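Below you'll find the structure, written out as structure tokens, and then a few comments.
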Amino acid sequence: MKIATYNVNGISARLPVLLRWLAETKPDIACLQELKAPQEKFPEQEIRNAGYEAIWHGQKSWNGVAILSRAGKPEEVRRTLPGDDEDTHSRYIEATVDGVVVGCLYLPNGNPAPGPKFDYKLRWFERLTHHAASLLHSGKPVILTGDYNVMPTELDVYKPENWVDDALFRPEVRSAFHTLVAQGWTDAIRKLHPDEKIYTFWDYFRNAYGRNAGLRIDHFLLSPAVAGRLHAAGVDKDVRGWEKSSDHAPVWIELK
DNA sequence: ATGACGCCATAGTGGCGA
């Protein structure tokens, strides 16, 4: 079973690239972030024609997450992260697919830091960590994947010294990620590729992709029941070089 | 510091997000 995550940065603008990527790589499950479209503007028919059933949580202008599946419609568990009824951002959706619980998330960017947006990021991280603990406690096979907006270590940044004060790399955020993983999750990419420079995002600015000035911020966290089935993991880096690409590349894992 | 995108408002550019 192949599961992928892709921050599309606008599903309307990205639809041709998204459909081509789905056709070429055929993930069984695809988690999407940054739809940047209201609920009714999700291209359900085009996705269906591509062979996928989907659930999604849209929002006008910003955020928005979706789970696509080729093996029957994802069975929705929740479409908000618990812990704050006032939170209006569409940043989390969770479903059961093929016996696996899949949480698709778009963690806040948090810039500028410090400030209210950074505070929101840290609060969101705490809520995620709390929810993740209950998922682990369930003993079910769980995959938490998406855009975490965190580079976990210096290996995950093309030039770490430039990023130490950024909301994606500040000590509080790296610490929050570490605390989450330490609950018992497996960072799939790092499990299989512990020493490689692997990036999932390249800025649109200054030819970042051409210079490989990238960041690893899209992650797969696997519960113990899934981690034992991990067979392969990688990044569809070439997709980032396509015309009208997102600033992220798709990331994927294969389970036995 | 700059900048590239996609989004929206009320438009024919500018602001925001990241």
Side-chain angles (χ1 to χ4, degrees), chain A residues 5-21 31-44 46-47 56-66 81 86-92 104-125 128 146-152 156-174 176-177 199-219 236-251:
Chain A
T5 184
Y6 187 19
N7 180 322
V8 295
N9 187 20
I11 194 165
S12 301
R14 206 64 57 221
L15 193 56
V17 165
L18 173 63
L19 294 176
R20 177 183 168 193
W21 168 69
C31 295
L32 309 181
Q33 302 86 33
E34 277 209 85
L35 304 179
K36 288 180 158 184
Q39 189 69 13
E40 65 274 14
K41 290 281 182 62
F42 186 86
E44 184 175 18
E46 290 88 341
I47 297 286
W56 66 96
H57 190 188
Q59 182 179 340
K60 189 176 165 184
S61 304
W62 299 308
N63 311 314
V65 285
L81 190 62
E86 310 287 302
D87 187 0
T88 56
H89 294 201
S90 299
R91 294 183 177 274
Y92 188 81
C104 171
L105 65 101
Y106 174 46
L107 207 133
N109 175 292
N111 277 309
K117 290 182 178 173
F118 189 64
D119 295 340
Y120 174 62
K121 178 177 196 167
L122 295 179
R123 286 202 313 275
W124 208 93
F125 225 133
L128 176 63
D147 179 359
Y148 283 74
N149 269 316
V150 184
M151 296 84 88
D156 303 312
V157 196
Y158 68 97
K159 202 170 180 185
E161 61 270 29
N162 285 6
W163 289 82
V164 286
D165 293 325
D166 191 278
L168 280 65
F169 199 52
R170 286 175 68 100
E172 306 96 305
V173 176
R174 275 186 272 171
F177 187 84
Y199 302 139
T200 68
F201 167 95
W202 296 261
D203 216 307
Y204 288 122
F205 304 145
R206 297 176 297 258
N207 189 34
Y209 182 66
R211 297 185 294 119
N212 197 28
L215 311 171
R216 189 174 76 96
I217 56 178
D218 301 273
H219 306 297
D236 291 329
K237 185 179 174 183
D238 57 312
V239 175
R240 178 62 182 81
W242 292 358
E243 282 295 311
K244 297 280 290 175
S245 160
S246 169
D247 41 7
H248 294 249
V251 187

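Proteins come first, then strands; the chains are lettered A, B, ... in the order of their sequence lines, and each starts at number 1. Keep in mind that what you see is a predicted model, and the values were worked out from it rather than measured.
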When rounded to whole Å, the CG to C1' distance for the pair A/Leu168 and B/dG17 reads 13 Å

Distance test, side-chain N/O of A/Lys60 to OP1/OP2 of B/dA9, below 4.0 Å: yes

Does a donor on one side chain sit under 3.5 Å from an acceptor on the other, for A/Asp166 and A/Asn111? yes

P-based separation of B/dC5 from B/dA1 [nearest Å]: 22 Å

Give one of base, sugar-phosphate or nothing for A/Lys41, where a contact means two heavy atoms less than 4.0 Å apart. nothing

Using atom P of each nucleotide, how far apart are B/dG6 and B/dT10 to the nearest Å? 23 Å

With no hydrogens and no angle check, just 3.5 Å: does a side-chain donor-acceptor pair link A/Glu34 and A/Asn7? yes

If you only use heavy atoms from C-beta on, which nucleotide in B/dC5, B/dC8, B/dG17 is closest to the side chain of A/Arg14? B/dC5

Between CG of A/Asn63 and C1' of B/dC8 the distance, given in whole Å, is 14 Å

Do any side-chain nitrogens or oxygens of A/Lys36 fall under 4.0 Å of OP1 or OP2 in B/dC5? no

In whole angstroms, the gap separating P of B/dA18 from CG of A/Asn162 amounts to 21 Å

At 4.0 Å (heavy atoms only), tell me whether A/Ser246 reaches a base, stays on the sugar-phosphate, or touches nothing. nothing

Quick one: do the A/Asp236 and A/Trp21 side chains pair a donor with an acceptor below 3.5 Å? yes

In whole angstroms, the gap separating P of B/dA18 from CG of A/Asp147 amounts to 10 Å

Take the protein atom CZ of A/Phe205 and the nucleotide atom P of B/dG17, then report the distance between them rounded to whole Å. 14 Å

If we ignore angles and hydrogens, is there a donor and acceptor under 3.5 Å between the side chains of A/Asn9 and A/Tyr204? yes

Using atom C1' of each nucleotide, how far apart are B/dC7 and B/dA18 to the nearest Å? 12 Å

CD of A/Gln33 versus P of B/dC7: gap in Å, rounded? 16 Å

Please give, in whole Å, the distance from B/dA18 P to A/Phe118 CZ? 14 Å

If you measure from the P atom in B/dG12 to the same atom in B/dT2, how many Å do you get, rounded? 25 Å

Rounded to whole Å, the CG-C1' distance (A/Asn7 to B/dC7) equals 14 Å

A/Ser245 vs A/Phe201, nearer the 5' end of DNA chain B by closest nucleotide: A/Ser245

Considering only B/dC8, B/dC7, B/dA18, which nucleotide approaches the side chain of A/Pro38 most closely? B/dC8

Run the ring-centre check on A/His89 versus A/Tyr120 and record whether the distance is less than 6.0 Å. yes

Using heavy atoms to find the nearest nucleotide of DNA chain B for A/Lys117 and A/Lys244 separately, return the residue whose nucleotide is more 5′. A/Lys244

